[in-house]
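Bear in mind that the values here come from a model prediction, so they are computed numbers and not experimental data. This chain uses plain numbering: 1 for the first residue, then up along the sequence. Counting starts at 1 for both ligands and their atoms, in listed order. No hydrogens, no waters, no symmetry mates; every other heavy atom, side chains included, goes into these values.
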Amino acid sequence: MTSLDQVRSRAAELIAAHLGTGSWSFGFDNAKTRAGQCDFAKRRITVSKHLAVRFSDDDVEQVLLHEVAHALSGARAGHGPKWRRTAAAIGYTGSRLHDGPIASELAPWVGECPAGHEHFRYRTPTRPLACAKCSRRFDERHLITWTRRADVARTEPARSELGTEARR
Ligand SMILES: [Zn+2]
Ligand SMILES: [Zn+2]
């Protein structure tokens, strides 16, 4: 577990070390499904405050390095070779870290298709969904069965927050 203050000060250190002082800023955002973001237009790196507190120090370090590497390699580099070289050079060891594991950790709705593929949803599934891994088209034979997890219910974001995120 990491405190937001720790994340903020470590971010400032990394930004100063790799990008220079006064060039890029750091802040927290409300994202639920991604750990960090690099805004090239605003020259700003943000980390999800919801996820940051659940990460270990090492994970936070990796998220920050991932985003600093984006800032260093430019928007057009994406996650391509240039970004990967830059990221590795500054100590990033993960691959597309935090996509799956975090979604699966936080999502209150867990679904399973008859073949056992897992699916995750942040909102109550309101219409029948079929497993896209089993069939590209909707097929009732691959319907997903949803269960609401009790253990993450209390961390589910407030409705107003979800609304904000959906409009982005
Ligand atoms: Zn990235
Ligand atoms: Zn499936």
Review point. Would a line drawn from the ring center of W83 to the ring center of H66 be shorter than 6.0 Å?
Key: yes
**Study point:** For E112, all residues meeting salt bridge (Lys or Arg N to Asp or Glu O under 4.0 Å), sequence neighbours excluded
**Key:** none
Exercise for review: List the steps and the verdict of side-chain contact (heavy atoms from CB on, under 4.5 Å) for F26 and V7.
Suggested key: CA-CA 10 Å; F26 173 80; V7 179; 3.9 Å; yes
Review point. Relative to the Zn ion (ligand 2), how many protein N, O or S atoms have a separation of less than 2.8 Å?
Key: 4
Check your understanding: Distance-only, no hydrogens or angles: does the S48 side chain make a donor-acceptor pair with backbone N or O of A31 under 3.5 Å?
Key -> yes
Check your understanding: Does N30 offer a backbone N or O that forms a donor-acceptor pair with the side chain of K49 under 3.5 Å?
Key -> no
Review point. Under a 4.5 Å cut-off applied to non-hydrogen side-chain atoms, are H117 and H119 in contact?
Key: yes
Check your understanding: Angle subtended at the Zn ion (ligand 1) by NE2 of H79 and NE2 of H70, to 10 degrees?
Key -> 100°
Practice item. Begin from the C-alpha positions of H70 and H79 and carry the test side-chain hydrogen bond (donor to acceptor under 3.5 Å, both in side chains) through to its verdict. Key: CA-CA 8 Å; H70 277 307; H79 294 109; 3.1 Å; yes
Review point. Which atom, among the N/O/S set of H66, is closest to the Zn ion (ligand 1)?
Key: NE2
